[in-house]
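Before any comments, here is the structure.
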Amino acid sequence: MKTKVKLLVLAATVFSIHNAMAQVEDKHQWLEDVGGEKALDWVKARNQETRNKLDNDAGFLKLRSDLQVILDSKDRIPGIQKIGNAVYNFWTDAEHPRGVWRKTSLVEYRKPSPKWEVVMDLDAIAKAENENWVFKGSQCREPEYDRCIINLSRGGADAVTIREFDLKTKQFVKDGFSLPESKMNVAWRDKNTLFVGTDFGAGSMTDSGYPRIVKEWTRGTPISTAKTIFEGKKEDISVSASRVSHRGITHEIVNRAVTFYTSEVFLMRGSKLLKLDIPAQTGYEFFGTQFIVTPNETWTTGGKTYPQGSVLAIDFEAFLKGDRNFTVLFQPTDNASFTGVTATKNYLLMQLLQDVKSSLVELQFKQGKWIARNVTLPTMGAVGVSPLDSEKSDEYLLSYSDYLTPSVLHLAKAGTDQRQLLKSAPSFFDASPYQAVQKFATSKDGTKVPYFMVHKKDIKLDGTSPTLLYAYGGFQVSLTPSYSGGIGKAWLEKSGVYVVANIRGGGEYGPRWHQAALKQNRQRAYEDFAAVAEDLIRSKITSAKHLGAMGGSNGGLLAGVALTQRPELFNAVVSQVPLLDMQRYNKLLAGASWMGEYGNPDVPAEWEYIQQYSPYHNVKAELKYPNVLFITSTRDDRVHPGHARKMAAKMLDQGHSNVWYYENIEGGHGGAANNAQRADMSAITYSFLWNMLK
């Protein structure tokens, strides 16, 4: 009887907590009405206030012009993808603000000024259809390479429409595959069949707004008659199906994303689905007969234990029969982590980080054994690797850059360090006066946190240098040194100091670095960020008067926490396309998909720790805060613009006069839909920061 009473008391307590949460009035919730007239009127009024502060600012106008010149530069490296016998590139510039999809031969591409053949002109299509189309990529049919599914987004949103496109006629296929706007995933199964996950009607999408059902759709039949292959649960993130091939071996895969980090993977064999016996938090690749497994959690199998972040290989058919005798291709250390693999015809290219500095290892499977070779790289910075044609060639595209070195693209061949220079990006600022250094700060719990700093070689350590501190710290995303002409022009040339902090929550030291700041441990990421800020002040690189913080998306949340938790460290904060209301984030757009990162605010025990840092719930009228700019996009259908709107409105209502706000009416999660908008929003951001920190 006593137990029953205790349970009733506990239930009543939980109910009262939920009830109290529900009764906290959010008087700014009306701003969540994305396209509502009242909400947009508020947005336009705030936008105009920001315009009024900048449109007569000669520095802003010049910077915007300079940034657009960089973005529209015809000397940028055109990224390429080999499709059939040609290489394709999507290109935007002043004459093509929405962009053209074009092709050329690899021989022609090597020339300083290659001749391009336009395959699709998105500006012309948008004008003819009176739509603000943004190109969101393509899926081309292999090995024929004759038809592609084109993804088009209105204003840059994640939701897309799809249409079938004929590469030979350069026209959309009449009565071809076509679907209306939705968040979806599509893949070719064969010449006349697609795997499709889309909005099939009521109940077909998850709570996160992604497909819950994947079907097989045959050409010439209504989508309503498509055959269901797999159904996930409403609480899942999404489901999808794909066809993967390497060296003539093909597998059809169904993936059920249960949470953002956990999945169930099924192999399609005829009409049967066989669930693969791998951990829920695992990446995988197919390399010929080999199955490459990258567990993000410690895995004990076959009598052995493999640490999270390992790279393992096994014969796939043997694995299906129960063999668990893996070959270890990589095992992490305190300083080294795995970031990804890609395959050429005969080699597996494995990318690693050593204290956030890139390295590359070639692996060849020969006569039943794996042979490894370290590839010589010219930089510690960001490295990109993509195969030219993984079915036919060992050639691959190798790109690299660092904070002071513009991007360089080589054609490399696995098995040798010999490579051919294809393209070099121009320098958009004189890098000779600057240096990039790596340092380490000590966080509150004693953890060493690396950060990169770019500044003039003759910097004066008197605490007066305007300094911008940037970080992301989430979703196992690594920030490696990479070149930005915009940062050089907008910040370094003015004698500013640029700092990137590799805080926990990112992937710089593998899964352990990410998982150290998940859910109830989120505060560690914010303590890491503050530790770097304190280190910059302690070493007299800068002072609080001259120190700014910036981040976007999850980093926008980080910036919001820096604003509300450590206002004494900064004089300016920029929060871009941010999450800020952490009590309602899981109810807004794709927010439910991120509960694996932050926790579920509807569970009292989890709200207990989330509310400790939620910026929207911790901003106070009586405290003095740094100057702050919230910047977002109306068309962002991933992170709801209501976060930025409500935070700005609340601070203004509290009497904080140093609040700036700007919302681009289109642009998606990237914030902008074309180069003019990108230049404008960047100029707003850096002009605000410089005016506050100089």
Side-chain angles (χ1 to χ4, degrees), residues 57-73 75-76 356 379-382 400-408 424-439 450-472 479-502 532-533 535-537 539-543 545-552 555 559 570-574 576 629 678-694:
D57 182 332
F60 163 75
L61 298 174
K62 183 179 186 306
L63 179 58
R64 183 172 64 183
S65 176
D66 289 345
L67 291 175
Q68 185 153 0
V69 168
I70 292 172
L71 290 168
D72 285 336
S73 170
D75 293 327
R76 290 172 290 139
V356 205
T379 178
M380 69 175 185
Y400 58 83
S401 72
D402 57 42
Y403 292 119
L404 299 174
T405 306
S407 296
V408 176
S424 296
S427 297
F428 290 107
F429 64 96
D430 179 9
S432 61
Y434 308 99
Q435 63 180 357
V437 296
Q438 186 184 45
K439 300 185 74 175
Y451 66 92
F452 289 99
M453 181 167 54
V454 188
H455 58 73
K456 281 196 169 180
K457 296 173 183 176
D458 59 353
I459 187 174
K460 295 180 180 179
L461 299 178
D462 58 5
T464 64
S465 296
T467 301
L468 175 57
L469 174 58
Y470 181 88
Y472 185 77
L479 298 182
T480 54
S482 60
Y483 186 83
S484 169
I487 291 171
K489 181 64 64 177
W491 200 253
L492 296 177
E493 280 192 347
K494 295 179 178 181
S495 298
V497 177
Y498 181 64
V499 181
V500 175
N502 301 113
V532 175
D535 202 53
L536 293 169
I537 294 170
S539 60
K540 295 188 177 181
I541 292 292
T542 190
S543 60
K545 180 181 177 181
H546 300 288
L547 179 58
M550 183 167 74
F570 307 97
N571 195 33
V573 172
V574 176
Q576 304 166 305
L629 167 64
R678 293 183 186 97
D680 184 58
M681 295 183 78
S682 291
I684 290 171
T685 299
Y686 287 104
S687 295
F688 164 81
L689 285 164
W690 189 255
N691 290 340
M692 300 304 172
L693 301 177
K694 63 184 177 182

Write down the atom of [X], the atom of [Y], and the distance for their closest heavy-atom approach.
| X | Y | value |
| --- | --- | --- |
| Phe570 | Gly548 | CD2-C, 4.0 Å |
| Gly381 | Asp402 | CA-CB, 4.0 Å |
| Met550 | Leu689 | SD-CD1, 4.1 Å |
| Leu461 | Ser539 | CD2-O, 4.0 Å |
| Trp491 | Val497 | NE1-O, 2.9 Å |

Using modelled atom types and a 3.5 Å cut-off, is there a donor and acceptor pairing between side-chain atoms of [X] and backbone atoms of [Y]?
| X | Y | result |
| --- | --- | --- |
| Lys457 | Ser432 | yes |
| Ser401 | Pro406 | no |
| Thr464 | Asp462 | no |
| Ser543 | Gly463 | yes |
| Ser73 | Asp75 | yes |
| Ser687 | Ile684 | no |

Decide yes or no for [X] and [Y]: does some side-chain heavy atom of the first lie under 4.5 Å from some side-chain heavy atom of the second?
| X | Y | answer |
| --- | --- | --- |
| Tyr451 | Leu536 | yes |
| Phe452 | Asn502 | yes |
| Tyr403 | Tyr498 | yes |

Could you tell me the separation between the [atom1] atom of [X] and the [atom2] atom of [Y], rounded to the nearest 0.5 Å?
| X | Y | atom1 | atom2 | value |
| --- | --- | --- | --- | --- |
| Ile541 | Asp535 | CD1 | CG | 9.0 Å |
| Lys494 | Lys489 | NZ | NZ | 10.5 Å |
| Gln576 | Leu629 | CD | CG | 8.0 Å |
| Glu493 | Phe428 | CD | CZ | 12.0 Å |

- Query: Is it true that Tyr483 and Phe429 have ring centroids separated by less than 6.0 Å?
  - Reply: yes

